[in-house]
Number of protein chains: 2
Amino acid sequence: MFKDVTAGIQAEIKQVKPFSSLEEEALLSLQRTADQLQWRIFELLKPYGVSPTQYNALRILRGAKEQGRSCSEIADRMINRDPDVTRLIDRLERRGLVQRAREKKDRRVVTARITSAGLELLKELDRPVEEFNRKMLGHLGEQKLKRLIKLLEVARERAV
Amino acid sequence: MFKDVTAGIQAEIKQVKPFSSLEEEALLSLQRTADQLQWRIFELLKPYGVSPTQYNALRILRGAKEQGRSCSEIADRMINRDPDVTRLIDRLERRGLVQRAREKKDRRVVTARITSAGLELLKELDRPVEEFNRKMLGHLGEQKLKRLIKLLEVARERAV
DNA sequence: TGACATAAGTCGTTATAACGAGTATGTTTA
DNA sequence: TAAACATACTCGTTATAACGACTTATGTCA
């Protein structure tokens, strides 16, 4: 609907009263934007049988190569924080996408590594994901993207 | 950590490889910012026994006054889309925060209305929420907030 | 060294989310 | 007007998220 696009978030969520502050409007815009994009990502990944969280974990492990990552290292690197990495890895292991091994040096630590099946899945997804990114945000152009990234960085300052 | 604040999202999620595109960086920044803020909201609301989704629904119903809203109207107005408004309202009803009534005109429709207990809870939350908004995003200032809101609006264009 | 604290994961449990089928009501059409 | 379709919601089921208690392994320090 074109109306939605031009009239701002207030029209999108059919709000009657104006926002009480710019801060509130920004916060709600942020939540809605993220939710909509997350939903699209979810749909993109669905045919491949992985959730956005799982995809995120797999990409972290691809970046780590043979070295792998411990559960807490994975947790640190997640985009959306997950309080139970154990079960996240459980599910990926059950699908044969990652492997687990207990560390000899520090036997508390369990290191997860991506398997060749996991790598293959990611490889299959690289193109669609890249296309998705362009399709969703490419129309902003370089300048606006950079500005958005900067503004979001400032927006996170107080939220840590 | 100050480092995190200045070094951008790449340092925050301890990423080794650079982002493959600005679009990807923007998307991940957006997800992370929203997640962090959502987490803080979650914590803010926890002592009051409501989730962000429930809070959102209550505010929608406060805006609707005595007229109330049907389940599908609520769904349309949610910031984070919820596929099962029935159960969302169930939970709020069980806590006495909303009431349900079947419409006489169209007996398919169930209208939810906020109760005085619900209004009181929201009233209690108004101040803390407003303070939260200012605390989280106030440091951006008017100009940056407006720019952010505009950019997010553009970012949502293709995600609908 | 032994007591204590901390760290890293695991797992039981409860709550919530997601999916889809089912029910009742209302609208449209042949 | 009966059949077909559409709408609004409900609910059973399965999967995932959230909360904490628990286990095991390392560090710290008197």
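Here is the naming used below: chain letters follow the sequence lines, and residue numbers restart at 1 for every chain. As the structure is a prediction and not an experimental result, all values here were calculated from the model.
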Whole-Å distance, B:Glu93 CD to D:dC9 C1', equals 14 Å
From CZ of B:Arg107 across to P of C:dA24 the rounded distance in Å is 11 Å
**Asked** Is A:Arg81 touching bases, backbone alone, or none of the nucleic acid, heavy atoms closer than 4.0 Å?
**Response** nothing
Here the distance between atom C1' of D:dT26 and atom CZ of A:Arg108, to the nearest Å, is 4 Å
Whole-Å distance, A:Gln54 CD to D:dA15 P, equals 12 Å
N/O (side chain, A:Ser72) to phosphate O (OP1/OP2, C:dG9) under 4.0 Å = yes
Of all heavy-atom pairs linking A:Arg113 and A:Glu66, the shortest is NE-O, 2.6 Å
With no hydrogens and no angle check, just 3.5 Å: does a side-chain donor-acceptor pair link A:Gln31 and B:Gln38? yes
B:Thr53 has its side chain closest, among D:dC19, C:dA17, D:dC9, to C:dA17
Under 4.0 Å, counting only non-hydrogen atoms across every strand here, what does B:Ser70 touch: a base, just sugar-phosphate, or nothing? sugar-phosphate
Which of C:dC11, D:dC9, C:dC19 is nearest the side chain of B:Arg102? It is D:dC9
Atom CG of B:Asn56 and atom P of C:dT16 are separated, to the nearest Å, by 16 Å
inquiry  = Taking any heavy-atom pair under 4.0 Å as a contact, classify A:Asp106: base, sugar-phosphate, or nothing.
reply    = sugar-phosphate
When rounded to whole Å, the CD1 to C1' distance for the pair A:Ile74 and C:dT10 reads 15 Å
Out of D:dC9, C:dC19, C:dG9, minimum distance to the side chain of A:Val109 belongs to C:dG9
TODO: Tell me whether the OP1 or OP2 atom of C:dC19 has a side-chain N or O from A:Lys46 closer than 4.0 Å.
DONE: yes
Using only modelled atom types and a 3.5 angstrom limit, is any donor from either the side chain of B:Arg87 or the base of D:dG12 paired with an acceptor on the other?
yes
Heavy atoms of B:Ala155 and A:Thr33 approach each other most closely as CB-CG2, 4.1 Å
Atom CG of B:Leu92 and atom P of C:dA15 are separated, to the nearest Å, by 15 Å
Worksheet entry | NZ/NE/NH1/NH2 to OD/OE distance under 4.0 Å, A:Glu12 and A:Arg32 | yes
- request: Mind checking A:Arg91 for me? I need base, sugar-phosphate or nothing, with any heavy atom below 4.0 Å counting as a touch.
  value: sugar-phosphate
Assert: residue with more 5' nearest nucleotide on DNA chain C, out of B:Glu103 and B:Asp84, is B:Asp84
When rounded to whole Å, the CG to P distance for the pair A:Asp82 and C:dT16 reads 18 Å
| message | Just N and O in the side chain of A:Arg100: are any of them under 4.0 Å from OP1 or OP2 of C:dT10? | response | yes
Going through the checks in order, is the salt bridge (charged side-chain N to carboxylate O under 4.0 Å, His left out) test met by B:Asp35 and B:Arg40?
CA-CA 9 Å; B:Asp35 185 67; B:Arg40 299 301 297 264; over 6 Å; no
